[in-house]
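Quick notes on the structure that follows.
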Amino acid sequence: MKDLNAYLPLVVLWAKKHHDLIQEQGFELNEEGMELARSVGVAEPERIRVMLVDNIPFQEDPVVFSLAKSVGMLSGQVMGLTLGHALYIVKGYESTRLYSHEFRHIHQYEVLGSIGAFMEVYLEQVMKFGYHQAPLEQDARQFEAGY
């Protein structure tokens, strides 16, 4: 999976679908959650919705699954996924550290302007540097709180 342009539209479509699902069925942040989101740069924390899941649903789409696997996102360390102002959090892994990391990704989405724009930059970075060394991941790790 080396050609970003070949699969970016499919990944963005998957991301928007899951964003909409979380926005519809997820829960709102309480005041403490909104304050944590603001503390890492989120401009509109009231738009955030969270859905707790048993697993991040990468397997649902073969392209997304293959990409996630190829960049090291299936190594058992991904307990949260940010899609715009929507978050998947794996049940049992809720923590200030994880939420602050994912909220920083929301800030990045806000800066880049859209799911499509974020995915283009993010995927290019993880393909070039690997998941752990991608600049957007490194930035999010620098804003992790409570560990």
Are [X] and [Y] side-chain neighbours, meaning at least one heavy-atom pair lies under 4.5 Å?
X      : Y      : answer
Leu83  : Gln23  : no
Val40  : Ile106 : no
Arg141 : His101 : yes
Tyr99  : Ile48  : no
Val63  : Trp14  : no
Tyr131 : Val78  : yes

Please name all residues satisfying salt bridge (Lys or Arg N to Asp or Glu O under 4.0 Å) with [X], sequence neighbours left out, ordered by chain then number.
X      : result
Glu94  : none
Asp139 : Arg104
Glu124 : none
Glu31  : Arg38

Indicate the atoms forming the closest heavy-atom contact of [X] with [Y], along with that distance.
X      : Y      : value
Leu112 : Ala117 : O-CB, 3.5 Å
Gly26  : Arg49  : O-CD, 4.0 Å
Leu98  : Met79  : CD2-O, 3.6 Å
Ile56  : Gln59  : O-OE1, 3.3 Å
Ile115 : Ala15  : CG2-CB, 3.7 Å
Gly116 : Val12  : CA-CG2, 3.8 Å

Look at Glu60 together with Lys17 and state whether they make a salt bridge at an N to O cut-off of under 4.0 Å.
yes

Under 3.5 Å, side chain of [X] to main-chain N/O of [Y], donor-acceptor pair present?
X      : Y     : value
Ser100 : Thr96 : yes
Glu110 : His85 : no
Glu102 : Tyr88 : no

Partners of Ser39 by side chain to side chain contact (heavy atoms under 4.5 Å, CB included), sequence neighbours excluded?
Leu36

For Glu46, all residues meeting side chain to side chain contact (heavy atoms under 4.5 Å, CB included), sequence neighbours excluded
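Partners of Glu46 by the side chain to side chain contact (heavy atoms under 4.5 Å, CB included) criterion, ordered by chain and then number, come out as Met34, Glu44.
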
If two hydrophobic side chains count as joined below 4.5 Å and joins carry through other members, does [X] share a cluster with [Y]?
X      : Y      : value
Tyr109 : Leu13  : no
Leu8   : Phe129 : no
Val111 : Leu87  : no

May I ask you to check whether His105 and Gln108 show a side-chain donor-acceptor distance below 3.5 Å?
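Note: His105 and Gln108 side chains meet the donor-acceptor criterion.
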
Distance, nearest 0.5 Å, that separates [atom1] of [X] from [atom2] of [Y]:
X      : Y      : atom1 : atom2 : result
Leu81  : Phe58  : CG    : CZ    : 5.0 Å
Phe27  : Leu52  : CZ    : CG    : 4.5 Å
Ile22  : Glu24  : CD1   : CD    : 11.5 Å
Lys128 : Leu123 : NZ    : CG    : 14.5 Å

How about CD on Gln25, more than 12 heavy atoms from neighbouring residues, nucleotides or ligands closer than 6.0 Å, or not?
yes

For Val64 and Leu10, run side-chain contact (heavy atoms from CB on, under 4.5 Å): C-alpha distance rounded to whole Å, both residues' side-chain angles, the deciding distance at 0.1 Å, then the answer.
CA-CA 8 Å; Val64 171; Leu10 297 172; over 6 Å; no

Might you work through the side-chain contact (heavy atoms from CB on, under 4.5 Å) test for Phe103 and Leu29, ending with a clear yes or no?
CA-CA 11 Å; Phe103 291 161; Leu29 298 179; 3.8 Å; yes

